[in-house]
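Heads up: the structure comes next, in structure tokens.
Atoms within a ligand are numbered from 1 in the order they appear, just like the ligands themselves. Just so you know, residue 1 is the first one in the sequence shown, and it goes up from there.
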Amino acid sequence: MSTLITGIAELTTHDPEGPGGPGPFALVLDGARVAWTGLAADALPADERVDVGGRAVLPGWVDSHTHLVFAGDRGPEFAARMAGEPYAASGIRTTVDATRAATDDALAAGLRRHADEAARQGTTCLETKTGYGLTVADETRAARIAAAVVDEVTFLGAHVVPAGADPDAYLDEVCGPMLDAVAAHVGWVDVFCEDGAFDETSSARVLRAGAARGLGLRVHGNQLGPGPGVRLAVAHGAASVDHCTHLTVDDVDALAGSDTVATLLPACDLSTRQPPAPARRLADAGATLALASNANPGSSYTTSMPLCVALAVLQGGLSVDEAVRAATLGGARALRRTDVGTLAVGARADVQVLDAPSAAYLAYRPGVPLTWAVWSAGRPTLD
Ligand code: NIG
């Protein structure tokens, strides 16, 4: 089954060989792949034709950082924060208690509900993490549940040391039996390298243990203050270091000189009343940027990638092109994927249409639902 999408006022492909100049443009999806892009006047016939009437078309969002296998509610914690309490990693333990008490079906249903919510806003490739189980059995079931729903699964047993556990014994467990148990379900290992979570030495041990099992590496770093997270991620060749809110000049230089993607989480900075991550400085230095939602019940309870793009432009100082690239191609790079985040010929047919003539409207009309149509691997997903 092939689909010709025509009447495109602005087409973002991230393909240097893609069509340029004034449109209108068109693209053809053949099954699950992009088959052709070009000027609408040159388009070949297809099995079906969809005229998007002068709207903007771009790749679906690649949300490379979420924590969506959870139960429970942190509304009271949010209210206390808005009344002046600081965000603290210790809130994670509230979600751990609720998640451990939940049934498999409840966790799976919650994950599907949030994944569907993201999809309705244009997300077509989704990563999620474990990290609210923190026992061998609870982390393994979180990984199994996640693997049935999302594109990429990350093991985050090293999220915090669970209440009552001995830190050294817990680290031994994470790096040994827990990793062994989850490895079949996950592609990535992550560690929260921050005061109140894991220090540099412990974090390095987690990364080495993950690498020894063939997993890709990710790091939560420099979220709540300056720290070793970025340095550690770059030194270990991690695919991404996420948050990057408090960076030194050396951190920016290290990211710019590496293949480690700086994944910015602007909705989290907003919700935790942190300063916006230095997106402009990173972009000017030449670092590769990703934008992600960090959807989780504590620090960033939103699945909205359009919000993240708007914040990165309006608060972070990125251009619309830079922000859209970071939320699509950048996310793909953070996941070391070449098949998503682009509409180059051969890419997965993950396409979104905005109810606007240009992607600039994502920042020009922040908070307005602009997702007009979505194809995921060639299948339309909105009614
Ligand atoms: O990325 N920083 C660590 N983990 C999550 C927060 C999780 C929570 O507060 O429940 C984050 O912000």
query: Counting each atom of ligand 1 from 1 as listed, which ones have a heavy atom of I92 under 4.0 Å away?
result: 7 (C), 8 (C), 9 (O), 10 (O)
field: Ion pair check, R205 and D172, cut-off under 4.0 Å
entry: yes
- request: Could you tell me whether R231 and D251 make a salt bridge, using a distance below 4.0 angstrom between a side-chain N and a carboxylate O?
  value: no
Protein residue, atom and distance nearest to atom 12 (O) of ligand 1, heavy-atom basis: S299 OG, 2.6 Å
- request: Examine ligand 1 and decide if any of its atoms is less than 4.0 Å from a heavy atom belonging to H159.
  value: yes
- prompt: Which residue and non-hydrogen atom of the protein lie closest to atom 7 (C) of ligand 1, and at what distance in Å?
  reply: Y132 OH, 3.2 Å
task: Using a strict cut-off of 4.0 Å, indicate which atoms of ligand 1 neighbour a heavy atom of Y87.
output: 6 (C), 7 (C), 8 (C), 9 (O)
- prompt: Where does the angle between the aromatic ring planes of F70 and Y301 fall among parallel (under 30°), tilted (30 to 60°) and perpendicular (over 60°)?
  reply: perpendicular
message: So is F70 touching ligand 1 or not, going by heavy atoms under 4.0 Å?
response: no
task: For T95 and ligand 1, answer yes if some heavy atom of the residue is under 4.0 Å from a ligand atom, otherwise no.
output: no
field: Identity and distance of the protein heavy atom lying nearest atom 5 (C) of ligand 1
entry: H67 NE2, 3.5 Å
message: Looking only at the aromatic ring of each residue, does the gap between the centers of H220 and F198 stay below 6.0 angstrom?
response: no
message: Closer than 4.0 angstrom, basic N to acidic O: yes or no for D253 and R281?
response: no
Residues E10 and R55 bridged, charged N to O under 4.0 Å: no
- line: re atom 2 (N) of ligand 1, the protein heavy-atom contact at minimum distance is Q223 OE1, 2.7 Å
task: Go through ligand 1 atom by atom and flag the ones less than 4.0 Å from a non-hydrogen atom of H243.
output: 1 (O), 2 (N), 11 (C), 12 (O)
- request: Anything under 30° is parallel, anything over 60° is perpendicular, the rest tilted; go ahead and classify Y361 against Y364.
  value: perpendicular
- prompt: Which atoms form the tightest heavy-atom contact between T128 and L68, and what is the distance?
  reply: OG1-N, 2.8 Å
- prompt: At a 4.0 Å threshold, what atoms of ligand 1 neighbour a non-hydrogen atom of N294?
  reply: 1 (O), 11 (C), 12 (O)
message: For R333, is the CZ atom crowded, meaning more than 12 foreign heavy atoms sit under 6.0 Å from it?
response: no
task: Would you mind listing which atoms of ligand 1 come within a distance below 4.0 Å of any non-hydrogen atom of H65?
output: 1 (O)
query: Which one holds for E194 and ligand 1: side chain close, backbone close, both close, or neither close, with close meaning a heavy atom under 4.0 Å?
result: neither
